[in-house]
Amino acid sequence: MGEQRYRWKGSELREQAAVIEGKQSPTKVLVNATYLHSYFREWVKGNIWIHGDRIVYAGERLPDRVDEACEIVDCRGYVLVPGYIEPHVHPFQLYNPHSFARYAAARGTTTLVNDNVFFLLHLNDDEALLFLQQMNALPTSVYWWCRFDGQTELEREDEQLSNARIKRWLDQETVLQGGELTSWPRLVSGDDIVLYWMQEAKRRRRKIEGHFPGASEKTLVKMALFGADGDHEAMTGKEVRTRLWHGYTVTLRHSSIRPDLPVLLEEMKALGIRHYDKCLLTTDGSPPSFYEGGVIDWLIRIAIEHGVPVIDAYAMATLNAARHYGIEHLHGSIATGRIAHINFLRSAHDPTPVQVLAKGEWVKRDGEAPIPWTAPAWEQFGIRPLSLLWELGWDDLQFSMPMGLRMENAVILKPYSVSIDTSRDRLGHDHDESFLVLLDRNGRWHVNTMLKGFSSALGGLASSYSNTGDLVLIGKHKEDMLLAFRRMKEIGGGLVLAENGEIVFELPLPLGGMMSALEMESLIDKEKEFIRLLRERGYRFEDPVYSLFFLQSTHLPYVRITQRGIYDVMHKTVLFPSIMR
């Protein structure tokens, strides 16, 4: 698998220098530009020369040579800022890395730092790294992080998270950090494997991203000593302050299940925090419909509305993130040598761009629809529709477990004692308990229990979308659960709702059973329909997509349904093992 060794070849660097010498024309010149100078922290006027995908000059001069092929862009009426950076993306929340990158770019977020857990769990490394190479060809800049855990109890953890795999991922130039560290309790308890991987990441000059919700000051200090550089789990201004005090970079979150940014900013202000140099912004991989409000542009707007100085608000989304990840020489400012990611705004107080340059090419023009991008040939990376070579039968839908899972909110599950008769094929609509099944996607095992709080009137839901890509069935009626499963199997994976013997909703997820091939705009409409149907059937929390995804996630309390069985998170024990089929 061939890779270009340097960001720009020697011949390209010579061409760029020739532009400065007047021997060659740039490919674009932005004239009469009012732009943010990130280092002087002020708005300046000047001209910006772009050659290919790079800013070769930003200042008062105009180039000595301009050929007919050079595009001259008059920037009067616009304010220019660097392209935004989203430092914490989960690019498989029904959408896929390609569709999310395109959607984000049209809203000014031109650099993404992505989770790699899908690749670790579902692809071999040759396939995954080939995909990373393909993503490098996009107009946006796409970086990655390397997980040290799967966020759940895995059957084949030693194989899926081996030393060789972790090191190979950390060696990739586009992998900027290790983490997020959802397995930090293991580390604190003495797990030297995670500590070793952290040391290997630091040896390679990679950052370590924490995942420390509710962590005490003592825990935060220990994690900083182990090597943690940042964390995105502060939920109060006091928690932000503690992290900043101990040298963390704090990523302020505003997501579908934690829309915290307004509260964080107000509480930070009340605590006297006036400097934002160690603060970034993230949407933390929210489901599609959350992004109707924008991506990082939306968070900049919130920051400005809550009293953050305008230049600080833009810095949190640009320079601060670039500096934290060690990519400041490429990103975060409109300055000589940076990749030409530039947003054209109507006003500094309106961060949603009307025009966007990414790597020197237009991905959005004023008054025009975003330019389509060619979709990847997914199958060459091993990303195919789900193929289930086994059948589900009535024997798989037997429920006798005395303990079920009760939803406290969209993502927190507690155990409860099951008291209703679960031997029936249909449950009543006068309560909010449903059958719950987790099925191995290869058909080897299943875990059957009850789920309280998800719905009071759901016939059957089948989902191939889950933390591990195993299959989730939820419902009141076993016939509808079987029907939903069979339809999900027919379409190669997806979300399917069945009711009274009919399919009432389906969203195909042909990319590994986890991701849609739809563009974001269409996917948003489908997800909103899914949410509406679930709410009509009694779902009452913030985010059903995350409820499905986090059923297995052992970084959250208190019990989870996992590949190994019903798992007690607090005591790290399997309460009821999975059953072989």
Side-chain angles (χ1 to χ4, degrees), residues 86-90 93 113 115 151 179-185 187-188 208-224 228-276 278-287 290 293 295-296 298-303 305-308 312-313 316-317 320-321 324 407-414 541-543 545-547 549-550 553-558 560 569-570:
E86 166 53 280
H88 193 93
V89 183
H90 300 281
Q93 306 294 47
V113 186
D115 189 356
Q151 285 192 315
E180 55 182 315
L181 291 180
T182 54
S183 61
W184 64 268
L187 173 62
V188 172
I208 300 293
E209 170 71 4
H211 186 283
F212 310 141
S216 67
E217 182 179 36
K218 181 183 289 187
T219 295
L220 292 169
V221 169
K222 285 193 288 188
M223 293 308 302
D229 299 288
D231 182 55
H232 62 282
E233 288 288 337
M235 293 178 277
T236 66
K238 185 177 179 181
E239 291 181 349
V240 172
R241 187 183 187 278
T242 302
R243 285 159 172 76
L244 291 172
W245 185 268
H246 291 290
Y248 282 78
T249 294
V250 182
T251 304
L252 306 178
R253 175 174 53 189
H254 194 73
S255 70
S256 59
I257 54 175
R258 296 295 322 184
D260 292 337
L261 187 57
V263 172
L264 291 175
L265 293 171
E266 291 299 327
E267 292 183 356
M268 289 166 65
K269 192 166 27 178
L271 289 168
I273 297 172
R274 296 289 185 270
H275 298 285
Y276 302 91
K278 294 282 282 182
C279 294
L280 318 181
L281 299 170
T282 186
T283 58
D284 197 9
S286 294
F290 179 81
V295 189
I296 295 298
W298 182 16
L299 275 55
I300 298 169
R301 187 185 310 279
I302 292 171
E305 290 172 350
H306 286 269
V308 176
D312 283 319
M316 285 195 286
N320 295 3
H324 174 72
M407 297 180 68
E408 295 293 299
N409 58 34
V411 298
I412 302 300
L413 299 172
K414 288 186 175 180
F541 300 115
E542 300 95 334
D543 190 336
V545 173
Y546 256 120
S547 292
F549 190 74
F550 278 159
S553 297
T554 53
H555 68 290
L556 295 165
Y558 293 85
R560 299 286 140 176
V569 175
M570 311 308 286

Is the shortest heavy-atom distance from the side chain of Arg243 to the side chain of Phe212 under 4.5 Å? yes
Does Leu220 offer a backbone N or O that forms a donor-acceptor pair with the side chain of Tyr248 under 3.5 Å? yes
Working to the nearest 0.5 Å, report the span between OH of Tyr276 and CG of Leu244. 10.5 Å
Measuring from atom CZ of Arg253 to atom CG of Leu264, what distance do you get when rounded to the nearest 0.5 angstrom? 8.5 Å
One should read off an interatomic distance between Leu265 CG and Asp260 CG, to the nearest 0.5 angstrom, of 10.5 Å
For the CZ atom on Phe541, are there more than 12 heavy atoms of other groups (residues, nucleotides or ligands in this structure) within a distance under 6.0 Å? yes
Taking every non-hydrogen atom, the tightest pair across Met235 and Pro213: CE-CB, 3.9 Å
Could you tell me which residues satisfy salt bridge (Lys or Arg N to Asp or Glu O under 4.0 Å) with Glu266, sequence neighbours excluded, listed by chain and number? Lys269
When rounded to the nearest 0.5 angstrom, what distance separates SG in Cys279 from CG in Asp312? 9.5 Å
Decide if atom CZ of Arg301 counts as having more than 12 heavy atoms of other residues, nucleotides or ligands within a radius under 6.0 Å. yes
Identify the heavy atoms of Thr554 and Val569 that sit nearest to each other, and give their distance. O-CG1, 3.3 Å
Hey, are the side chains of Lys278 and Asn320 touching, using non-hydrogen atoms and a 4.5 Å cut-off? no
Salt bridge (Lys or Arg N to Asp or Glu O under 4.0 Å) partners for Glu209, two or more places apart: none
Verify, without hydrogens or angle tests, whether Glu86 (side chain) and Thr283 (backbone) share a donor-acceptor contact under 3.5 angstrom. yes
Report the distance from atom CZ of Phe550 to atom CD of Gln151, rounding to the nearest 0.5 Å. 6.0 Å
Using 30° and 60° as the class boundaries, would you call the ring planes of Phe290 and His254 parallel, tilted or perpendicular? tilted
Less than 4.5 Å apart, side chain to side chain, heavy atoms only: is that true for Ser256 and Glu542? no
Met407 vs Leu413 side-chain heavy atoms within contact, under 4.5 Å: yes
Using atom types as modelled and distance alone, determine if a side-chain donor or acceptor of Glu180 lies under 3.5 Å from a backbone N or O of His211. no
Measuring only between side-chain heavy atoms, which start at C-beta, is Leu252 closer than 4.5 Å to Met268? yes
Close side-chain approach of Glu233 to Arg258, heavy-atom, < 4.5 Å: no
Which heavy-atom pair separates Trp184 from Thr219 by the least distance, and what is that distance? CZ3-CG2, 3.4 Å
Heavy-atom side-chain contact between Leu187 and Met223 under 4.5 Å: yes
Provide the closest heavy-atom pair for Ala313 versus Val308 in the form atom of the first, atom of the second, distance. N-CG1, 3.7 Å
Can Thr249 and His324 be said to form a side chain to side chain donor-acceptor pair (under 3.5 Å), step by step? CA-CA 8 Å; Thr249 294; His324 174 72; 3.0 Å; yes
Minimal non-hydrogen separation, Ala317 against Ile300, with atom names: CB-CD1, 3.6 Å
Going by atom types only, do His232 and Thr282 share a side-chain donor-acceptor pair under 3.5 Å? no
Atom OG1 of Thr251 and atom CG of Leu281: how far apart are they, to the nearest 0.5 Å? 8.5 Å
What closest approach, in Å, do Asp284 and Ser255 show between heavy atoms, and which atom pair accounts for it? CB-CB, 4.0 Å
